[in-house]
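Let me begin by presenting the structure, written as structure tokens, before commenting on it.
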Amino acid sequence: MAALLDARQTTEHYVDEGDRVLLDDTLSMVRARGGSVDELPGFEPAGPRRKIFFDPSKTRAGIVTCGGLCPGLNDVIRGLVRNLTYHYGVRRVVGFRNGYQGFIASHRYDVVDLTPESVRDINVDGGTVLGTSRGPQDPHEVVDCLERLGINILFVIGGDGTMRGAMEIANVIGERGARITVLGVPKTIDNDIPYLDQSFGFQTAFARATESIHAVTVEAKSTPHGVGLVKLMGRHSGFIACYAALARNDADVVLIPEVAFQLHGDAGLLHHVQRRVQDRGYAVVVVAEGAGQELLDGVEAAGDASGNTGLRDVGALLRRRFAEHFAAAGIEASIRFIDPSYAIRSVPANPYDSVYCVRLAQAAVHAAMSGRTEMVVGRWRRRFVHIPMAVAVSKRNQVDPHGDLWMSVLEATGQPVRFGD
Ligand code: F6P
């Protein structure tokens, strides 16, 4: 879309349209890529443009939140509304209820008018004031609804499934030649969206998870041969488990989906935990919910409407195996298991995440007003950027078993590089 109008002069800071935030930030990465400096891949910087595409006085914006909860959703909604209204002077912003269902006539949800007044205090609470749901809806019906309401900009806050849905909506918009932009703010407490330094809410969630590690450590320490076990969210990526464990820096073992482990044998997990208990009186194990799924083959687990395959309960399995192992070894152990589950993601954002959410919202509004579409905003290499949706869903961010984060975890826990042969 071509830029048409001069932006309101409220800032000295404008983005240089020709600039790029580079994908790589080490010499070795650049060298490995080869080619000339002008060909280095990068992302468009986010931020205010001198020229904007939409005339604020005639622009209507909509906001929808989809998928699982994440600390900071309300901060993003509030940030979008405030920036659209105060910075650009957009007069109508509406919220769609309960994810993509909010566009579908048969669900009969009214849209919600969003104003700076109506969103004034929403960031005090976790969750999303708009409600959320999982699963796609017919993109034709979604675009019918957008056209009926005269929406020009749709902000979609959600994870990879949501962004795939947003791309389908953008396709239908393209087919119809409608002047509607679709802008994403990526959301995942698992921190598994690629090309983001970190996803919003992640820091709040892992900070909350440390409380469970602390509690289980106190329990394990206070009983003879105590074994503390904490299961944390992290379907395919173990970032929450790694960061929460590092924040406490007293776990004996961290188990993540990216690194398979064996239970039995001299080099297995059970022996290692037994040795720790015998050496220091207790042991603490932090496990990401997606770890060890291969040990539960044959156990049924229902998937969800987002298309996620179901997870089998690795926490219950470990608790059982620890109890059996210590009993067989003739050691009277106390196994303490905590699964904080939704408690880590239903809380309001901490101040760091709140700042991040506000800035993401501002970046999303600038991007949308300049006519960008099918983009998400994120922070990469500490700079705010536009990432094409197709790139943001092209792969999953995971803990690299050969990378420096996992090395820090191994150093902090003293666990072997792998459990098993
Ligand atoms: O994808 C984020 C996440 O929090 C995962 O860690 C977790 O498995 C999943 O959502 C659970 O969400 P729900 O119960 O809402 O499907």
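Start at 1 and go down the list; that is how both ligands and their atoms are numbered.
- Checking each of Val253, Ile213, Val227 against Val284 for a side-chain contact (heavy atoms from CB on, under 4.5 Å) leaves exactly one that passes, namely Ile213.
- Arg359 forms no cation-pi arrangement with Phe384, by the criterion of a distance under 6.0 Å to the ring centre and an angle within 45° of the ring axis.
- Taking the ring centre of Tyr282 as origin, the terminal cationic atom of Arg280 falls inside the region bounded by 6.0 Å and 45° from the ring axis.
- Partners of Asp144 by side-chain hydrogen bond (donor to acceptor under 3.5 Å, both in side chains), not counting sequence neighbours, listed by chain and number: Arg176.
- Contact residues of ligand 1 (protein heavy atom closer than 4.0 angstrom to a ligand atom; sorted by chain and number): Arg134, Ile189, Asp190, Met233, Gly234, Arg235, Glu289, Asp304, Tyr342, Arg345.
- For Glu117, the CD atom counts as densely surrounded, since its 6.0 Å shell holds more than 12 non-hydrogen atoms of other residues, nucleotides or ligands.
- Arg235 contributes no side-chain N or O that, together with a main-chain N or O of Glu289, makes up a donor-acceptor pair within less than 3.5 Å.
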